[in-house]
Amino acid sequence: MKIESLVKIASPQTVLDIYPDGAECAAFFKDDRKVISVSRIRTGKFDESLGLAEKLRRHMANDGLSATAESVNVIPFGCEYHVKRQWKFSGDIAELTDDISADNGGRINDLFLENVEFCGKAVKVAILFAGETQMQEFVPAGVIYDGEKLPVLLKVTFDDGSAAEVYSGDDFWRHQCASAVAGASARHIISCDDEGVRWERHVLIVPEDVVVEKRPWRFKTMFAVSGRNEQMICGAAIDFAGCFAAPAKHREFRNFIRQQQPESCAALNASGTFFCTDGSHVARPGKEVLHGMFGELFDEYIWANSAMARKGGCCVVKAGITGADDSVILKAMSQVPGELSFPDMEDFE
């Protein structure tokens, strides 16, 4: 497998660095300042930072508006844990998919996802918890949260007026599956000091006397750093109320994009509540499964801009989602994505 020493993906506003090994798996920069640091996974007594990198490679879309990177790391102790990551980046937004498995007959019964650190002096922290309809604001001092309930959306505002945000991903129902294992629990700690804000994500804690099912785990996380805030003048728009994760809404939206005129700017106006429990939207028909829609909107944002770019046009998302007012991720999707580059590769050309 191909292992690169560094993957650097740059938009006009943000740079995402992805590392094959070491204490960090990735970091986000704006104006040469590190804004978000993402550490490594831990499971049981083993830390991924002590593991081996088996794969790190990248791919740029033909239109230059989105890029992906894939990595594989192995913890060569115990039952050999494998950590596979897939990054997707566009419009100052990154989505990370973690796949964690234990080989050689092992089971995962203790799991820390990557710690997330917001680097810099924070003046405000806002958190949306699973199932709630309004973000709670906290003064950034000491431990501001220590509990089992999942922080779905965490936004940090810095003293220079900029902001950064982390979202637990539309599949945050998977977090509930983890802590719903018989006798299991989870613990999230968000603490603040003069250096920034730190989120420790202990997503699975199982007592020693409980036998856990042998299975892989998948978790998604989205990241965004505040950038441009231009007012986009759009032509045709399509309105959607409710949960955009519904497959029928994707089909209707793509048909709308295919009908747009060349050199035009289309808009998706999404409104509704942040949380939905219709399990059919996440391939669990007939069940109540708590989920969101940011990742679904991001997928369509990438697809629509790729389709419109072939016509010389673009697409933006204008969302009014209850509980996510002033979201950094949604603001980023309200802008046209800038063309990406791989600066570290350009250095060798």
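Just the heavy atoms: all of them, side chains too, but no hydrogens, waters or symmetry mates, feed the values below. Residue numbers count from 1 along this sequence.
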Using a strict 4.0 Å threshold on nitrogen-to-oxygen distance, state whether Glu300 and Lys249 make a salt bridge.
-> no
Pick out which of Arg218, Lys84, Lys220 makes a salt bridge (charged side-chain N to carboxylate O under 4.0 Å, His left out) with Asp99.
-> Arg218
Arg58 bridged to Asp344 by N-O distance under 4.0 Å = yes
Shortest non-hydrogen pair, Asp170 vs Gly295, comes out as OD2-N, 2.9 Å
If you draw a 6.0 Å radius around CG in Asp159, do more than 12 non-hydrogen atoms from other residues or ligands fall strictly inside?
-> yes
Assign the ring pair Phe253 / Phe240 to parallel, tilted or perpendicular, where the plane angle (0 to 90°) is split at 30° and 60°.
-> perpendicular
Would you check if the side chain of Asp92 reaches a backbone N or O of Ser226 as a donor-acceptor pair within less than 3.5 Å?
-> no
Ser37 and Glu24: side-chain donor and acceptor closer than 3.5 Å?
-> yes
Just by modelled atom types, is the Asp326 backbone N or O under 3.5 Å from a matching donor or acceptor in the Lys155 side chain?
-> yes
Any donor and acceptor pair, going by atom type alone, linking the side chain of Ser327 with main-chain N or O of Ala324 inside 3.5 Å?
-> no
When every non-hydrogen atom of Ala164 is compared with those of Ile36, the smallest separation belongs to CB-CD1, 3.9 Å
Examine distances only and state if a side-chain atom of Arg33 and a backbone atom of Cys119 form a donor-acceptor pair shorter than 3.5 Å.
-> yes
Side-chain donor/acceptor of Glu165 to backbone N/O of Val328, under 3.5 Å | yes
Work out which heavy atom in Ala266 is nearest to a heavy atom in Cys234; give both atom names and the distance.
-> O-SG, 4.1 Å
Check Leu113, Leu111, Val83 against Thr43 for a side-chain contact (heavy atoms from CB on, under 4.5 Å) and give me the one that passes.
-> Leu111
Do other residues, nucleotides or ligands put more than 12 heavy atoms under 6.0 Å from Asp194 CG?
-> no
Glu114 and side chain to side chain donor-acceptor pair (under 3.5 Å): which partner among Arg85, Arg40, Arg42?
-> Arg85
Could you verify whether a donor N or O on one side chain and an acceptor N or O on the other, from Arg201 and Thr221, lie under 3.5 Å apart?
-> yes
Heavy-atom pair of closest approach, residues Leu340 and Phe89 = CD1-O, 3.6 Å
Verify whether one side chain among Glu117 and Ser39 offers a donor that lies under 3.5 Å from an acceptor in the other.
-> no
Cys315 vs Phe256 side-chain heavy atoms within contact, under 4.5 Å | no
Taking all non-hydrogen atoms of both residues into account, name the closest pair between Ala307 and Ile257 and its distance.
-> CB-CG2, 4.0 Å
Hey, is the main chain of Phe244 close enough, under 3.5 Å, to the side chain of His281 for a donor-acceptor pair?
-> no
Examine distances only and state if a side-chain atom of Asp21 and a backbone atom of Ala53 form a donor-acceptor pair shorter than 3.5 Å.
-> no
Look only at the side chain of Lys311 and the backbone of Arg258, and say whether a donor-acceptor pair between them is shorter than 3.5 Å.
-> yes
Carboxylate-amine/guanidinium proximity below 4.0 Å for Asp17 and Lys34 | no
When the aromatic ring centroids of Phe172 and Phe294 are compared, is their separation below 6.0 Å?
-> no
Would you call Arg57 and Glu70 a salt bridge, taking side-chain N to carboxylate O under 4.0 Å as the test?
-> yes
Distance flag, aromatic centroids of Phe138 and Tyr145, threshold under 6.0 Å = no
Please test Asp110 against His202 for side-chain hydrogen bond (donor to acceptor under 3.5 Å, both in side chains), starting from the C-alpha separation and ending with a verdict.
-> CA-CA 8 Å; Asp110 184 74; His202 200 172; 2.9 Å; yes
Scanning both residues in full, the closest heavy-atom pair of Phe275 with Glu132 reads CE1-O, 2.8 Å
Side-chain (His291) to main-chain (Asp171) donor-acceptor, under 3.5 angstrom | no
